[in-house]
Amino acid sequence: MKTIDEVYNGFVEQLKTIYDERESANIADWVFESIANSKRLDRITDRQKVLNNSTIQKLSNVLEQLLTHKPVQYILGEAWFYKMRLKVNKNVLIPRPETEELVEWVVEEVRSTMHDVRCKIEDVRKASNNIQRPTSDIARILDIGTGSGCIAIALKRELQTAELYAIDISNDALLVAKQNATDQKVEINFLQLDFLNERQWPLLPSFDFIISNPPYIPENEKSKLAKNVVDHEPQVALFVTDSDPFIFYKKIASFADNHLKEKGKIFVEVHEDYSKGVQKIFEEKNFKIEMKKDIYGKDRMVKVFR
């Protein structure tokens with residue numbers, strides 16, 4: 001029998017062969033809380049707690065997988081995003097902290113925009129002595145390439161009156177997203193759709209807001225990425241061809257011609273090195289652009305509007 005202190009320290013030392021010290025400790029903390037029901041504070045206050053052989057074996061199995069660079073989120077089947085515990089598996093990207101910033105920006109903009117709309121509608125209602133409440137103050141939002149559903153679900157939780165649509169080319173991804181929506185008790189209109197196929201666009205209505213964190217990494221950059229990303233996360237959600245790395249942004253700009261309402265807005269996450277290229281695509285469609293940096297100071301988010 002071994003104490004939790006011994007097992008934890010050994011776990012971290014093994015992880016440090018492929019991760020830095022801080023990330024190793026963070027991963028170990030997450031695993032021990034999930035598998036051994038032991039939070040960091042518990043381990044500090046009770047270092048000599050003895051772990052049973054069954055728990056030690058489970059931890060050993062997780063460590064074995066981690067050492068193959070398999071992401072801890074896929075091993076545990078969960079990831080945290082916007083204060084939500086979401087299910088994830090090999091069919092969906094692991095939600096990133098930077099994408100939380102995109103969600104925060106969208107929530108702020110939707111609330112501000114729809115507040116202005118409600119005020120104008122209320123003024124019209126009073127002027128016309130119309131006692132019936134209009135429905136045009138409800139924001140309709142589209143999430144393109146929803147994956148785990150993290151963006152759409154977070155938006156629906158924050159903007160409860162909004163009407164959310166979420167599309168993805170992968171049915172396997174949508175199964176995960178639907179389960180997450182059920183777990184979070186939100187209603188979202190999910191649809192399997194190949195967004196690059198313009199013939200499928202008529203299946204969708206018009207929107208006040210279009211959001212997307214699309215594939216944007218050129219194939220030739222695979223060698224720059226960590227093994228836990230390249231070897232395990234879904235390629236279709238990560239990479240675009242070297243010959244047309246802006247394909248999704250071009251399609252979104254074209255889609256907006258007939259599916260973005262007059263005063264609608266588009267929010268997209270972009271490759272830090274290609275933000276100017278994305279800006280040019282939308283400007284050629286007579287859109288205005290606002291760029292925003294992420295927590296690391298990189299140009300990662302773009303707001304598009306008329």
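These values consider heavy atoms only, across backbone and side chains, with no hydrogens, waters or symmetry-generated copies. Note that the structure is a prediction, hence the values are computed from the model and not measured.
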Under a 3.5 Å threshold, yes or no: a donor from one side chain and an acceptor from the other, between [X] and [Y]?
{"X": "N52", "Y": "T55", "answer": "yes"}
{"X": "Q184", "Y": "K156", "answer": "no"}
{"X": "Q57", "Y": "N53", "answer": "no"}
{"X": "T99", "Y": "E269", "answer": "yes"}
{"X": "T113", "Y": "K265", "answer": "yes"}

Only one of K276, K293, K292 passes side chain to side chain donor-acceptor pair (under 3.5 Å) with D299; say which it is.
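Passing option: K293.
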Under the 4.5 Å side-chain heavy-atom rule for ILVMFWY, direct or indirect, which residues accompany L15?
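L15 shares its hydrophobic cluster with I4, V7, Y8, F11, V12, I18, Y19, I27, W30, V31, F32, I35, L51, I56, L59, V62, L63, L66, L67, V72, I75, L76, W80.
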Determine whether more than 12 heavy atoms belonging to other residues, nucleotides or ligands lie under 6.0 Å from atom CZ of R40.
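No - once you tally the heavy atoms of other residues, nucleotides and ligands closer than 6.0 Å, there are 12 at most.
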In this structure, are over 12 heavy atoms from other groups packed under 6.0 Å from K261 atom NZ?
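Counting neighbours around NZ of K261, more than 12 heavy atoms of other residues, nucleotides or ligands fall under 6.0 Å, so yes.
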Are the side chain of W201 and the backbone N or O of F255 linked by a donor-acceptor pair below 3.5 Å?
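Absent.
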Is it the case that the side chain of S112 and the backbone of E109 share a donor-acceptor pair, with hydrogens and angles ignored and the cut-off at 3.5 Å?
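A pair under 3.5 Å: no.
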Criterion side chain to side chain contact (heavy atoms under 4.5 Å, CB included) against E233, the qualifying member of V88, L238, L225, N91
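It is L238, the one option of V88, L238, L225, N91 that forms the side chain to side chain contact (heavy atoms under 4.5 Å, CB included) with E233.
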